[in-house]
J.: 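Quick one: structure below, then a few questions.
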Amino acid sequence: MCGNNMSAPLPAIVPAARKATAAVIFLHGLGDTGHGWAEAMAGIRTPHVKYICPHAPVMPVSLNMNMAMPSWFDIIGLSPDAEEDETGIKKAAESIKALIDQEVKNGIPSHRIVLGGFSQGGALSLYTALTTHQKLAGVVALSCWLPLRNSLNGHNEIAILQCHGEADPLVPLIFGCLTVEKLKTMLNPNNITFKTYARMPHSACPEEMMDIKQFIEKQLPPID
């Protein structure tokens, strides 16, 4: 990688089976790429929905002894009071907002877009949704936390599906619980669904994928 380190490859895309009238933008976790999640989304696809799984740029990550890997922003520590990469988080959120704008230009209004992500990607999807002026259809936040939580305040009405494994050793369940409590103070609690899965580690499971499919179908119904 030379030059601009933000020049990540083009997103992995699962096209709609017919005319796309809605989209899901889903952000992978630290050290991953969009390909695995594009495959997962293909397994729960809805015919009128296009799925976009961008790849994070490669950057050194403090938590991993400055090893370079795909990462949306730097992670310094994994405790609830760890220092956060505020500049990197805000920069990453701007790049996701630009991706949403691109879909709007392509003819899909923002209120027909669900933003989601896993782990670091889920954290970024929550932060982006809570700081954007774009009206989104919803957020799918998997096994994650809320970044820069003390800088955020109330927001528009947005539906959130938050999921967490009860046996997660990397981002423990308490992060999910703290996040949902914080979100309930900022948003209408009736629009927040928090689901946990017994014995699920820092990953996904079929039951969770079906919950995601149902949420997407509810938030992005067919319009023809």
Side-chain angles (χ1 to χ4, degrees), residues 11-18 20-30 32-56 72 96 99-100 103 108 110-130 136-146 157-168 170-171 173 175-177 179-180 183-184 187 189-223:
I13 290 177
V14 181
R18 47 192 173 91
T21 59
V24 172
I25 298 173
F26 194 90
L27 312 177
H28 65 73
L30 178 67
D32 198 4
T33 68
H35 295 296
W37 283 103
E39 278 181 35
M41 293 295 152
I44 58 165
R45 70 200 291 193
T46 299
H48 61 278
V49 179
K50 168 187 182 184
Y51 300 83
I52 303 158
C53 299
H55 310 294
W72 298 107
I96 302 308
L99 199 57
I100 296 166
E103 284 312 301
I108 296 177
S110 65
H111 67 84
R112 295 282 295 164
I113 297 174
V114 163
L115 182 59
F118 173 77
S119 194
Q120 188 193 38
L124 180 56
S125 69
L126 279 175
Y127 181 81
T128 304
L130 293 171
L136 296 171
V139 180
V140 174
L142 311 182
S143 308
C144 67
W145 66 95
L146 182 61
E157 293 297 295
I158 187 162
I160 295 182
L161 171 65
Q162 201 187 324
C163 304
H164 219 106
E166 292 174 16
D168 191 330
L170 275 180
V171 181
L173 182 60
F175 277 82
C177 298
T179 296
V180 83
L183 290 172
K184 281 179 175 170
L187 306 166
N190 297 328
N191 291 340
I192 301 168
T193 305
F194 184 43
K195 298 202 169 220
T196 64
Y197 304 88
R199 296 185 298 284
M200 187 173 85
H202 194 61
S203 63
C205 68
E207 186 190 346
E208 180 186 48
M209 294 308 294
M210 289 319 294
D211 288 336
I212 295 165
K213 179 180 168 72
Q214 285 167 1
F215 177 81
I216 289 169
E217 288 174 352
K218 182 175 175 228
Q219 300 308 125
L220 300 174
I223 49 174

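Small disclaimer: the values here were computed from a predicted structure and weren't measured.
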J.: Report yes if the side chains of L130 and L146 come closer than 4.5 Å at any heavy-atom pair, otherwise no.
T.: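 Of all side-chain heavy-atom pairs linking L146 with L130, at least one is under 4.5 Å.
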
J.: Decide yes or no for D32 and W37: does some side-chain heavy atom of the first lie under 4.5 Å from some side-chain heavy atom of the second?
T.: yes

J.: Mind listing the closest non-hydrogen atom pair of A129 and V139 along with its distance?
T.: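 Minimum heavy-atom contact is CB-CG2, 3.4 Å.
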
J.: Is there a donor-acceptor pair closer than 3.5 Å between any side-chain N or O of H202 and the backbone N or O of S119?
T.: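 No: the side chain of H202 does not pair with the backbone of S119.
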
J.: State the CD1-CG distance between I96 and L115, to the nearest 0.5 angstrom.
T.: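 Separation between the atoms: 7.0 Å.
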
J.: Ignoring hydrogens and geometry, is there a side-chain-to-backbone donor-acceptor pair from Y51 to T46 under 3.5 Å?
T.: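 Looks like yes, one N/O pair under 3.5 Å.
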
J.: Measure the spacing between CD1 of I52 and CG of L27 and express it to the nearest 0.5 Å.
T.: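 Between I52 CD1 and L27 CG, I get 10.5 Å after rounding to 0.5 Å.
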
J.: Quick one, I223 and R112 - any side-chain contact, counting heavy atoms below 4.5 Å?
T.: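 Yes - at least one pair of side-chain heavy atoms lies under 4.5 Å apart.
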
J.: Decide if the gap between the ring center of H35 and the ring center of H55 is smaller than 6.0 angstrom.
T.: yes

J.: Evaluate the ring planes of W72 and H28, with Trp represented by its six-membered ring, and classify them as parallel (under 30°), tilted (30 to 60°) or perpendicular (over 60°).
T.: tilted

J.: Given I212, which of M209, Q214, M210 fulfils the side-chain contact (heavy atoms from CB on, under 4.5 Å) condition?
T.: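 By the side-chain contact (heavy atoms from CB on, under 4.5 Å) criterion, I212 pairs with just one of M209, Q214, M210: M209.
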
J.: When rounded to the nearest 0.5 angstrom, what distance separates CD in E207 from OH in Y197?
T.: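 Reported value, rounded in 0.5 Å steps: 6.0 Å.
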
J.: I want to check something: taking the side chain as every heavy atom from C-beta on, are V140 and F215 in contact at a cut-off of under 4.5 Å?
T.: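 Counting from C-beta outward, V140 and F215 do come under 4.5 Å.
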
J.: Measuring from T196:OG1 to L173:CG, what's the distance to the nearest 0.5 Å?
T.: 6.0 Å

J.: What pair of heavy atoms forms the shortest contact from P222 to R18, and how long is it?
T.: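 The answer is CB-NH2, 4.3 Å.
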
J.: Report yes if some heavy atom in the side chain of L136 is under 4.5 Å from a heavy atom in the side chain of T128; otherwise report no.
T.: no

J.: Verify, without hydrogens or angle tests, whether H48 (side chain) and L220 (backbone) share a donor-acceptor contact under 3.5 angstrom.
T.: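 Yes; judged by distance alone, with no hydrogens or angles, the pair exists.
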
J.: I'd like to know if the side chain of Q219 and the backbone of A137 have a donor-acceptor N/O pair within less than 3.5 Å.
T.: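 Yes, the answer is positive, given that a donor and an acceptor are paired below the 3.5 Å cut-off.
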
J.: Is it true that atom CD of E217 has more than 12 heavy atoms of other residues, nucleotides or ligands lying nearer than 6.0 Å?
T.: yes

J.: What I'd like to find out is whether the side chain of F194 reaches to under 4.5 Å of the side chain of L183, using heavy atoms alone.
T.: no

J.: Provide the closest heavy-atom pair for S125 versus G122 in the form atom of the first, atom of the second, distance.
T.: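 Smallest heavy-atom distance, with atoms named: OG-O, 2.8 Å.
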
J.: How far does OG1 of T21 sit from CD1 of I108, to the nearest 0.5 angstrom?
T.: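 It comes to 7.0 Å.
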
J.: State, to 0.1 Å, how close P15 and R45 come at their nearest heavy-atom pair, and which atoms those are.
T.: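 So the two residues come closest at O-NH2, 2.6 Å.
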
J.: Does some side-chain heavy atom of S143 sit less than 4.5 Å from a side-chain heavy atom of Q162?
T.: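 Q162 vs S143: side chains apart.
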
J.: Which heavy-atom pair separates P11 from P54 by the least distance, and what is that distance?
T.: CB-CA, 3.6 Å

J.: What's the spacing between I216 CD1 and D211 CG if we round to 0.5 Å?
T.: 11.0 Å

J.: Do K50 and E103 touch side chain to side chain, with heavy atoms closer than 4.5 Å?
T.: yes

